[in-house]
Amino acid sequence: MKKNNQDFFDRVYKVVEQIPYGKVTTYGAIAEVCGIKSAARTVGWAINGASSELPCHRVVNRFGALTGKVHFGDPNLMEELLRAEGVEFLEDGCVDMEKHLWKPKSINN
DNA sequence: TGAGTGACTGTAA
DNA sequence: CTTACAGCCACTC
């Protein structure tokens with residue numbers, strides 16, 4: 001019962017859309033809210049096939065590193081977008097998770 | 001149908 | 001401490 005794969009994608013889209021301005025979240029957090037915390041890798045796939053309207057630049061790995069920046073077409077674009085939103089970066093090139101980490105809540109559809 | 005890959009994470013050595 | 005391996009789920013060849 002219930003579709004699984006498609007539903008997972010749909011959930012990912014909704015979660016990413018809920019990311020507030022100037023905030024970021026992690027793949028694991030999204031996957032967990034989607035019901036499969038172990039599917040962090042699949043979250044990346046879902047975002048990869050998502051619409052351009054999706055703020056995928058606010059999605060980073062658990063370290064805050066912009067691992068998906070290469071998929072934006074320009075490696076600097078992701079960082080520029082986040083900086084434009086007021087997101088601070090550490091010397092490591094990672095997002096300041098302590099200040100900008102946003103924990104997604106239940107989808108609640 | 002089966003094997004390989006990937007925008008991740010966690011544990012082991 | 002750093003490096004390697006395995007697990008997880010969905011997609012493509």
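Each chain gets a letter, A, B and so on, in the order its sequence line appears, and its residues count up from 1. FYI, side chains are in, hydrogens and waters are out, and symmetry mates aren't considered; it's all heavy atoms of this structure.
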With rounding to whole Å, what would you report as the distance between C:dT3 and B:dA7 at their C1' atoms?
->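 Roughly 22 Å separates the two C1' atoms.
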
Do any of residues 46-58 of chain A sit with a heavy atom less than 4.0 Å from DNA chain B, and if so which?
-> A:Ile47, A:Asn48, A:Cys56

Contacts to DNA chain B from residues 86-95 of chain A, heavy-atom cutoff under 4.0 Å, which residues?
-> none

Drop me the distance from [X]'s [atom1] to [Y]'s [atom2], to the nearest 0.5 angstrom.
X       : Y        : atom1 : atom2 : answer
A:Thr25 : A:Ile19  : OG1   : CD1   : 5.5 Å
A:Cys56 : A:Leu66  : SG    : CG    : 11.5 Å
A:Leu82 : A:His57  : CG    : NE2   : 5.5 Å
A:Met78 : A:His71  : CE    : NE2   : 10.5 Å
A:Thr26 : A:Leu101 : OG1   : CG    : 6.5 Å

Can you tell me how far [atom2] of [N] sits from [atom1] of [X], to the nearest Å?
X       : N     : atom1 : atom2 : answer
A:Ile36 : C:dC8 : CD1   : P     : 12 Å
A:Trp45 : C:dC9 : CH2   : C1'   : 12 Å
A:Ile19 : B:dA7 : CD1   : C1'   : 13 Å
A:Leu82 : B:dA7 : CG    : P     : 18 Å
A:Phe8  : B:dA7 : CZ    : P     : 15 Å

Quick one: does [X]'s side chain get under 4.5 Å of [Y]'s, heavy atoms only?
X       : Y       : answer
A:Asp74 : A:Lys69 : no
A:Val24 : A:Val59 : no
A:Val12 : A:Val15 : no

Could you give all pairs that pass the salt bridge (charged side-chain N to carboxylate O under 4.0 Å, His left out) test and reach residues 47-57 of chain A, with sequence neighbours left out?
->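 Salt bridge (charged side-chain N to carboxylate O under 4.0 Å, His left out) check on residues 47-57 of chain A returns no pairs.
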
Do any pairs count as a salt bridge (charged side-chain N to carboxylate O under 4.0 Å, His left out) and have a residue in residues 81-94 of chain A, sequence neighbours left out, and if so which ones?
-> A:Arg58-A:Glu85, A:Glu79-A:Arg83, A:Glu88-A:Lys99

Donor-acceptor pairs under 3.5 angstrom involving side-chain atoms of residues 28-49 of chain A: please list them, not counting sequence neighbours.
none

Letter per nucleotide, 5' to 3', of nucleotides 8-13 of chain B [B base touched, S only sugar-phosphate touched, - untouched; heavy atoms, 4.0 Å] = BSS---

